[in-house]
Each structure stands twice: as C-alpha cells, then as structure tokens.
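Heads up, the thing below is written out as structure tokens.
Sequential numbering from 1 along the given sequence is applied to the chain's residues.
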Amino acid sequence: MATSILSKRWLWVWTSVPILDLQDTPFCRTDPNLHFRQFVDHVLILNKTASLDKFCLKFNLVDHPSYVKTWFRDAVSRDVKELDISVHGTESFPFLKLPFALFTAKTLHVLKLSHGVELHVPGTVSLPCLKVLNLVWIKYTNDESVSRLFAGCNVLQELVLHKHAGDNTTCSNISIPILKTLFVRFAPTGRRRHKLKINAPVLKQLNLEDNLTLEFDLEDVSSLVEANVTVSWLENRHIPLLKALSNAKFVSFHWDWYAEMKWRNFRPYRLFLNLVQMELHVGYGGWNLLSLFLEISDHLEVLVLAKNDNCRGLGFECSWKPPKYVPKCLLSSLSMVYFKGFEDLTYQLSMVKYILKNARVLKMMDISSNGDLPLDSKIDLLKKLLMFPRGSKVCQLKFN
C-alpha cells in the first residue's frame, strides 16, 4: 500500500495477498466499537483471494461480538491455513465464543487462541490438518470442551497450553497420539488443585512450568528426549513426573525449594539412565538436591549449574551436603561442568572442590563469576580454584 505513492498500479495489489494481519490499537481510534470493525469489514470485502494462508486478528473485545464470528466464518470459507486470534478487553465484556464452523475447518494447519476467548467446543470436532495449537490464558466452558477438542486433532504435533485460575477447568487431559512438542504453563492459583494427564507416546520435547498444586498422571511419555521443568517447590508429588522423564537425554530443572523429608524413599531409584546433559537452576533451599540428582544419573556427561535470583539479598548463605558415596557418573562419564553466576561463596567452593576431586574423566570445568565481583576478588578466587586437587589428569579449569 505504501508503494502506491510511487506507482498507482500497486494501489490494489494488496487485495490479492493471502496473508491478513490486522491489529487494533487504542492510539489510532476514538470509537472502539466502530472504526476497527469497519476497517476489518472493508479489508475482507476488498480482498479477493480465494485461499488465505494466514488470518491474524488482534483486537479489543466489544459488547456485541456477533460480527466478529462473521470474520472467522469468512476466513474458514477461504480455506484458511493459519488462524491467530488474540482478544483483549476488560471484565465487563463477555468472552468471545468461536463459531462452530471453526471446529470443522478442513484446511486449518495452525490455530492460536489467546486471552479473551472462551473455548465452547461442539459435540463434533474434525480438524484433520491441524498440526499446531496454542491455547494461551483463555477460558473453557468445562473440562469436556478440552477433551473434545484434543480428540478431534488426530495429527496434532505441537501444543502450547497456558492455564490460569479462572479458566473453569480442573483437569487437563492431553491424550494425543502423534504429539511431539508440548509446552504447558500453569499460573499460580493458591490452594486450588488441578490434574494433568498426559498420554503422548511419541512426545519428544516437554516444557512444564508448575506454579500450583498439580497432580500428575503421566501414562505414556516413553519417547521423551528433552524436558525443561520449572517448579517453585520440588516435592513428593513431583516423583511421578521425574519417573516419567527417565528416558530423556537432555533435562533442565528450575526450582527454589524442596521438601527434604519427603524425598527419603526417592533415593533407591536410578531414574535417568539415558541422561547425558542436565541443567540445574537452583534457588535458596534447593542445593542439597544436587547430590541426589547426581546419584540417579549414572551416564551423565554434561552438567550445568546456575543460581536462581532468589539466592540474593537474603542475608545468609545457601547450603550443600556432598553425597555419602561418589556417584557413578563422576567416576565414569562426567566430562564437562559449567558453573554460572559463581560468587566465591562457601557452598559453591565446596561443590567445585568435590567435583574436581572425584570426577575421574572430567575434561573441563568452566566457571563464570558474577559480574559484581571486583578484580582483586576474582584473582584471589582463581588462586583458590587452582589449588583444588583434581581426580582427572586431563581436566582443564576455565575461569571467566
């Protein structure tokens, strides 16, 4: 449209483009119930393409959204391949319910719904080409709406699910036969419980952020290769989750605290038999679990240690206890260790000293100091590190 200033023959070229990305903004309108509606109506009338590759619509919710459903029906009638809907508004506006025609769109490959949308799913769902589904901070009519939607997505490969306290569900049942990538995030909800069920036999990547009291029912994630898990409190209810990750090769854990007394029965399990790389991002009160994770990761090759922000400014130091017996991975497989955010604290020095002394095949210990340390402190720290004994004759110490 801008090039039409230079040449009039470009004036109507936009009416044949197969991608429509229409976003409302309060900075370019005075009447939210009129101007953006007219703009979208005119675009859809003037655009002549019979097939839409993408229809992206981001706008503020209005009192009578019936005409919005007309926009979606228009997109479905043009065999739209990707539909991206984001609705913003206030609590006084009703949530937008999608037209039932959307749930039988034969050509839809990507569906993204976020914020002011209520997922009211009809009895029949048939999305035979849908491969990517994003459901971010929306509402659901009930648990059955979620189950019916997933049941009608037989070729779904990627699912992004962000849930909040007021979304009207108590259970997320993810049973999808060829799902390969799953991103699940649960916002804090106080004491409310929620159940997460996963049956995805070919799942390769799992990203999970648990900020509420989740109950896990993980039926089949046996093909999992990579997992990224973030929790505030690592506790007994997470044991089914950790067992489900037993086949993963790459795992990243983020936690601040853990319930120590509940983990006594967990030590006999040698879970991570295939694990070759593990990242631990730990907050105050969680460092003692490092020993446990080393004990259950017999074939670990790469270890990344990092400190969460909540370790700062508490007025006292974190603690760490070494394992009673040297873990098998230190004796036979651990070759690379990265320690990020090193601050010359006692527990950090103890961990580094223990690993350097007992890791028999370690090739490199890479330590990155905190940027706040003065130069003199860094020099003194380096001298301490170089004095630590090393169990591996080929180990190199890299200090940044």
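Side-chain contact check for Ser222 and Asp220: at least one donor-acceptor pair (N or O, by modelled atom type) lies under 3.5 Å. No donor-acceptor contact under 3.5 angstrom links the side chains of His299 and Ser297, judged on distance only. Between the side chains of His120 and Thr141, at least one donor N or O lies within less than 3.5 Å of an accepting N or O. Looking at Lys363 and Ser392, their side chains never bring a donor and an acceptor atom within 3.5 Å of each other. Side-chain contact of Asn142 with Ser145: a donor-acceptor pair under 3.5 Å is present, judged by distance alone. Under 3.5 Å, the side chains of Gln23 and Asp21 contain a donor-acceptor pair of N or O atoms. Glu279 and His281 share a donor-acceptor pair across their side chains, judged by distance under 3.5 Å alone. Side-chain atoms of His238 and Asp210 include a donor-acceptor pair closer than 3.5 Å.
Here Lys328 does not pair with Glu295 in a salt bridge; the nearest charged N to carboxylate O distance is not below 4.0 Å. In summary, Glu209 and Arg185 engage in a salt bridge, as defined by a charged side-chain N under 4.0 Å from a carboxylate O. Ionic pairing of Asp53 and Lys81 is present here: one or more N-O contacts between side-chain nitrogen and carboxylate oxygen are shorter than 4.0 angstrom.
Between Trp287 and Phe339, the two ring planes are parallel [angle under 30°; tilted spans 30° to 60°]. Taking the six-membered ring for Trp and thresholds of 30 and 60 degrees, Trp137 and His162 have ring planes inclined between 30 and 60 degrees apart.
Rounding to the nearest 0.5 Å places CG of Leu182 at 8.5 Å from CG of Asn207. Rounding to the nearest 0.5 Å places CG of Asp366 at 11.5 Å from CG of Leu305. To the nearest 0.5 Å, atoms CZ (Arg237) and CG (Leu214) are separated by 6.0 Å. Expressed to the nearest 0.5 Å, how far CG of Leu83 lies from CG of Leu108 amounts to 6.0 Å. With rounding to the nearest 0.5 angstrom, the CG atom of Leu245 is 6.5 Å from the CG atom of Leu206. The line from CD1 of Ile296 to CG of Leu273 is 9.5 Å long, rounded to the nearest 0.5 Å.
A 6.0 Å sphere centred on CZ of Arg360 holds no more than 12 heavy atoms belonging to other residues, nucleotides or ligands. Under a cut-off of 6.0 angstrom, the local environment of CD in Glu215 is crowded, with over 12 non-hydrogen atoms contributed by other residues, nucleotides or ligands.
By the side chain to side chain donor-acceptor pair (under 3.5 Å) test, Asn47 pairs with Arg78, sequence neighbours left out. Annotation: side chain to side chain donor-acceptor pair (under 3.5 Å) contacts of Gln157 (sequence neighbours excluded): none.
Closest of all the heavy-atom pairs between Phe272 and Leu242 is CE2-O, 3.7 Å.
Ring-centre distance between Phe253 and Phe293: below the 6.0 Å cut-off.
Not a single donor-acceptor pair under 3.5 Å links the side chain of Asn358 to the backbone N or O of Leu331.
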Exercise. Should Lys163 and His194 be marked as a side chain to side chain contact (heavy atoms under 4.5 Å, CB included) after you check the CA-CA gap, both sets of side-chain angles, and the distance that decides it?
Worked result: CA-CA 10 Å; Lys163 297 179 66 60; His194 193 98; 3.4 Å; yes
For this session: Kindly indicate, with the supporting measurements, whether the criterion side chain to side chain contact (heavy atoms under 4.5 Å, CB included) is fulfilled by Tyr354 and Leu330.
Result: CA-CA 10 Å; Tyr354 180 86; Leu330 267 68; 3.8 Å; yes
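Identified under the side chain to side chain donor-acceptor pair (under 3.5 Å) test for residues 101-117, with sequence neighbours left out: Ser86-Ser114, Lys106-Ser126.
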